[in-house]
Amino acid sequence: QVQLVESGGGSAQAGGSLRLSCARSGPTVRTSVMGWFRQAPGLEREFVAAINWGGGHVKYKDSLKDRFVITRDNAKNMLYLQMNSLKSEDTAVYFCNEDPGGLRLLYGGSGDYWGRGTQVTVSS
């Protein structure tokens, strides 16, 4: 059973940076795609970014690709999201997600496994 635990959330000023981490445990498959979603109060959960096992295929929400960077370290079983030039509209709970098969997360869906989320609050 895959388990995902996010960390690194907190408060930041607009224009600042935060780095989120997701620690995974459980069976590993090289078709795995991992990603980040976020959910702001009163809104639906939305896709942020995804990355395949080798890191050569990444996908971002269009409006975020100039400010956010997703990476993964398979040796450490970790996923990261570097968030730069933060804006108040980035305030949300950020969730780690894993799709063992890969296709859903890279093509508009989500994977089977979710973390509990980490809160990010950006003040202007």
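Keep in mind that this is a model prediction, so the values were computed, not measured. FYI, the numbering just counts along the sequence from 1.
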(request) State, to 0.1 Å, how close L106 and A50 come at their nearest heavy-atom pair, and which atoms those are. (result) CD2-CB, 4.2 Å

(request) Mind listing the closest non-hydrogen atom pair of P27 and R24 along with its distance? (result) O-NH2, 2.8 Å

Contact between [X] and [Y] at the side-chain level, heavy atoms closer than 4.5 Å - yes or no?
X: F47; Y: R38; value: no
X: N97; Y: M34; value: no
X: D99; Y: S32; value: no
X: R104; Y: V33; value: no
X: T118; Y: V93; value: no

(message) Here's one to test your reading of the geometry: is the NZ or CZ of K61 within 45 degrees of the ring axis of F68 and under 6.0 Å from its centre?
(response) no

(message) Does the structure place the NZ or CZ of R19 under 6.0 Å from the centre of the six-membered ring of Y80, at an angle of no more than 45° from the ring's axis?
(response) yes

(message) Membership question, hydrophobic clusters at under 4.5 Å side-chain separation (ILVMFWY): are F95 and L79 in the same one?
(response) no

(message) With clusters defined by side-chain heavy atoms of hydrophobic residues (ILVMFWY) lying less than 4.5 Å apart, directly or transitively, does L81 cluster with V69?
(response) yes

(message) Taking side chain to side chain donor-acceptor pair (under 3.5 Å) as the definition, give me every residue that meets it alongside Q82, ordered by chain and number, with sequence neighbours left out.
(response) N84

